Colleague: 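To start, I am sharing the structure in question, which I have written as structure tokens.
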Amino acid sequence: MNRKLRKRRNRIIVALILFAAIMTLDKSGLLARLTGSAAEPYVAFVLYLIPFLISGYDVLIKAARNIRRGEAFDEAFLMTVATLGAFATILFPNAESQAAEGCAVMLFYQVGELFQSYAVGKSRKSISAMMDIAPDYANIERNGSLEEVNPNEVAVGSIIVVKPGERVPIDGIVTEGTSQLGTAALTGESIPRHVEAGAEVISGCINMTGILRVRTTKPFGESTVSRILELVENASEKKARTENFITRFARIYTPAVVFAALALAIIPPILGMGPWVDWLMRGLTFLVVSCPCALVISVPLSFFGGIGGASRVGVLVKGSNYLELLSKVDTVVFDKTGTLTSGTFNVVAVHPEAGVDPDYVLSNAAYAEAFSDHPIAVSIRAAYSGKIDQARIHDVREESGHGITAHVDEHVVLVGNDKLMAEHGLSWHECDLIGTILHVTVDGTYAGHIVIADVIKDDAAQTIQELHKSGVKRCIMLTGDRNDVAQAVGTRLGLDEVHAQLLPEDKVNEVENLLSHEEEGKKLAFVGDGINDAPVLMRADVGIAMGAMGSDAAIEAADVVLMDDKPSKIAVAIQVARKTMGIVWQNIIFALGVKLLILILAALGIANMWLAVFGDVGVAMIAILNAMRAMHVGQQKR
Ligand code: ADP
Ligand code: MG
């Protein structure tokens, strides 16, 4: 609890104790015996005023300030009018003074507010636990000793030193040392990752065991940590429709109840339906009950909790609107490579043409793929044992969904699928192995092909099952790969539909087509790794990017970012979204229902101020407690 909150709490406790003491004096008749019964109400009035002001002076000030600004009709205003009205009953000598009630309303309202600040603080903590990943220095070696510098000032390509126990401040590549990296804060994954020279490290991870020297590959501002923080900080700006609805609702609702209360206090006594003071009290009670605080706070708090809870397991949601959309998803479209499959291909076979050396096929392919980030390229380079002399490579052109053309020395090398071959008017040989086939031609002559196979991710099949179980109707895979590969993966995973041999633009068309057939009110999510699928990520109702460490473009284009590349996090994300929306609606219905009931009782004169206070504060507390449930995201069971 911070200092301000603690001060407020102490103030309210003091007021509560005073209030209890005064009330004991008052109701036991002791006060009346001391002062004489004629003066008693006036003395009590003054006494009650003390805890009232101690606990509520800030509310009164806020109400006054808002009225001056022409923004009356908020909670502070409701409470001020209701409590001052209750104190004003002292002006009716024939009726019982309601000073105790007035004081109590303010006190318990403040207790509720305190509770609410506490809850907001708590859920903010789960987000600031994320914020804790922000490192505030980087170690640079100068003249043999380490110096802590502002990470903002570290140039790309500098060598930084990360000691055990420290966080990696900037993304980079290990040049020296071995260690275990804890990624729990980023991904929710508790098993540390082993790194050694050559490994990529991302900022935000904790270096657990050894000293690492890291060559930075990005400025601090573009490192993973900075991007995540930016993303989380901006999340509250994108409000869900339900949230906006509640804000708008409160804006109309509050003045409406004020006028209703006014009418209730004035019209019946004018019509001679009873004494003024009775109806005044009913009007005031009505005001207290109608305070919309339970709604106004619990709805955003639920979303906030959902986003915070998701971030703890490595699911970053860019705004509560996306949480709302996610909860309505009934179609999930997956990219294959890197999403459902690991994207690390194994070379299954090299089939050279008669008289061609298999190594010739592989080395040409590795050279052509030297600069590509595509998972295929990475795997080909890994399979090639020789060194790649980059100076020999020129004019590389990557054709999305086709392959690569490059000049190696004076030779034109093409590596790609059937489409690439057909496009260049080259002939090729079919292959009867199931796998991704990469044809290789040198100067227009067919050299042979390489068969590579991708591995399906461990948790992919389970993810599809879980999605189906949680009510997702269709799981569809789109891929640029061959049909037989796609079908094999589809059957293994239990996918509902598989579409193969798609170019990136075909994927957009396919998604557009699915979107246009989407059931009313239902949403479509696309999941990709961001390597040539950013346009599809943008087009889907909810774009989910995997492996935030992967591609910057994907993080930019996506609405939901999964820190690691486990598809099971998609199911987690959807479950969090559904749970959060469930809580939001429970709160809306519960709060409105109870309020309506007490409002009716108040109008009929059955509910008194006490019931109203406890109704209001009680509903708010229950709603807040309920909202805080959204924060608890069960670690995925694996
Ligand atoms: P996916 O839809 O499975 O993510 P892509 O759209 O990235 O796959 O690629 C589709 C196909 O295009 C690949 O299966 C491969 O045949 C070919 N291809 C794409 N990029 C390359 C590359 N860099 N080298 C060789 N072939 C490639
Ligand atoms: Mg892809």
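Counting convention: from 1, in listed order, for ligands and their atoms alike. All values reported here derive from a predicted model rather than from experimental measurement.
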Colleague: Nearest heavy-atom pair of P169 and V162: which atoms, and what distance?
Modeller: CD-CG2, 4.2 Å

Colleague: With nothing but distance in play, are any N or O atoms of G401 less than 3.5 Å from an N or O of ligand 1?
Modeller: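 Such a contact does occur with ligand 1.
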
Colleague: Where's the contact between I380 and ligand 1, heavy-atom distance under 4.0 Å: side chain, backbone, both or neither?
Modeller: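 None of I380 does.
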
Colleague: Using a 4.0 Å cut-off to any heavy atom of H402, which atoms of ligand 1 qualify?
Modeller: 12 (O), 17 (C), 18 (N), 26 (N), 27 (C)

Colleague: So, E324 and R241, do they make that salt bridge, N to O below 4.0 Å?
Modeller: no

Colleague: Which atom names give the shortest non-hydrogen contact between A558 and I544, and what distance separates them?
Modeller: CB-C, 4.4 Å

Colleague: Under a 4.0 angstrom heavy-atom cut-off, which atoms of ligand 1 come close to L438?
Modeller: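 Going through ligand 1 atom by atom, the ones under 4.0 Å from L438 are 25 (C), 26 (N).
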
Colleague: With a 4.0 Å cut-off on heavy atoms, does K507 reach ligand 1?
Modeller: yes

Colleague: Taking all non-hydrogen atoms of both residues into account, name the closest pair between D533 and G528 and its distance.
Modeller: OD2-CA, 3.4 Å

Colleague: I'd like to know whether ligand 1 has P504 as a neighbour, heavy-atom separation below 4.0 Å.
Modeller: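 Under 4.0 Å: no for P504.
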
Colleague: What do you reckon, does K336 have a nitrogen or oxygen under 3.5 Å from a nitrogen or oxygen of ligand 1?
Modeller: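 No, there is no polar N/O contact under 3.5 Å.
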
Colleague: Test side-chain hydrogen bond (donor to acceptor under 3.5 Å, both in side chains) on E518 and T331; report intermediate values, then the result.
Modeller: CA-CA 8 Å; E518 196 57 64; T331 307; 3.1 Å; yes

Colleague: So does K566 pair up with D459, basic N to acidic O under 4.0 Å?
Modeller: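 Salt bridge between K566 and D459, a charged N being under 4.0 Å from a carboxylate O: no.
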
Colleague: Quick one: which ligand 1 atoms are inside 4.0 Å of a heavy atom on S372?
Modeller: 23 (N)

Colleague: Do the rings of W428 and H439 sit parallel, tilted or perpendicular, given the 30° and 60° boundaries?
Modeller: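 Judged by the thresholds at 30° and 60°, the geometry between W428 and H439 is tilted.
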
Colleague: Hey, does I437 come in under 3.5 Å of ligand 1, counting only N/O atoms on both sides?
Modeller: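 It does not: no N or O of I437 is found under 3.5 Å from an N or O of ligand 1.
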
Colleague: For D529 and T339, does a side-chain donor sit closer than 3.5 Å to a side-chain acceptor?
Modeller: no

Colleague: Using heavy atoms and a threshold below 4.0 Å, how should the contact between D335 and ligand 1 be classified: side chain, backbone, both, or neither?
Modeller: side chain

Colleague: In Å, rounded to the nearest 0.5 Å, how long is the span from CD of E512 to CZ of R539?
Modeller: 4.0 Å

Colleague: May I ask which of V489, V485, N417 has a heavy atom nearer to atom 16 (O) of ligand 1 than the others do?
Modeller: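 Of the listed residues, N417 has the closest heavy atom.
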
Colleague: Is I376 touching ligand 1 with its side chain, its backbone, both, or neither, if touching means heavy atoms under 4.0 Å apart?
Modeller: side chain

Colleague: Tell me which part of T337 gets within contact of ligand 1: side chain, backbone, both or neither, using heavy atoms under 4.0 Å.
Modeller: both

Colleague: Classify the side-chain pair S379/T344 by whether it contains a donor and acceptor separated by less than 3.5 Å.
Modeller: no

Colleague: Indicate yes or no for a side-chain donor-acceptor contact from R213 to the backbone of V161 under 3.5 Å, with no hydrogens or angles considered.
Modeller: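 Such a contact is absent between R213 side chain and V161 backbone.
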
Colleague: Judging by distance only, is a nitrogen or oxygen of E369 under 3.5 angstrom from one on ligand 1?
Modeller: yes

Colleague: Under 4.0 Å from a heavy atom of E398: which atoms of ligand 1 are those, numbered in the order shown and with their elements?
Modeller: 23 (N)

Colleague: Pull out every atom of ligand 1 sitting under 4.0 Å from any heavy atom of T436, numbered as shown with elements.
Modeller: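 Every atom of ligand 1 under 4.0 Å from some heavy atom of T436: 14 (O).
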
Colleague: Within a distance under 4.0 Å of any heavy atom of T479, pick out the atoms of ligand 1 and give their elements.
Modeller: 1 (P), 2 (O), 3 (O)

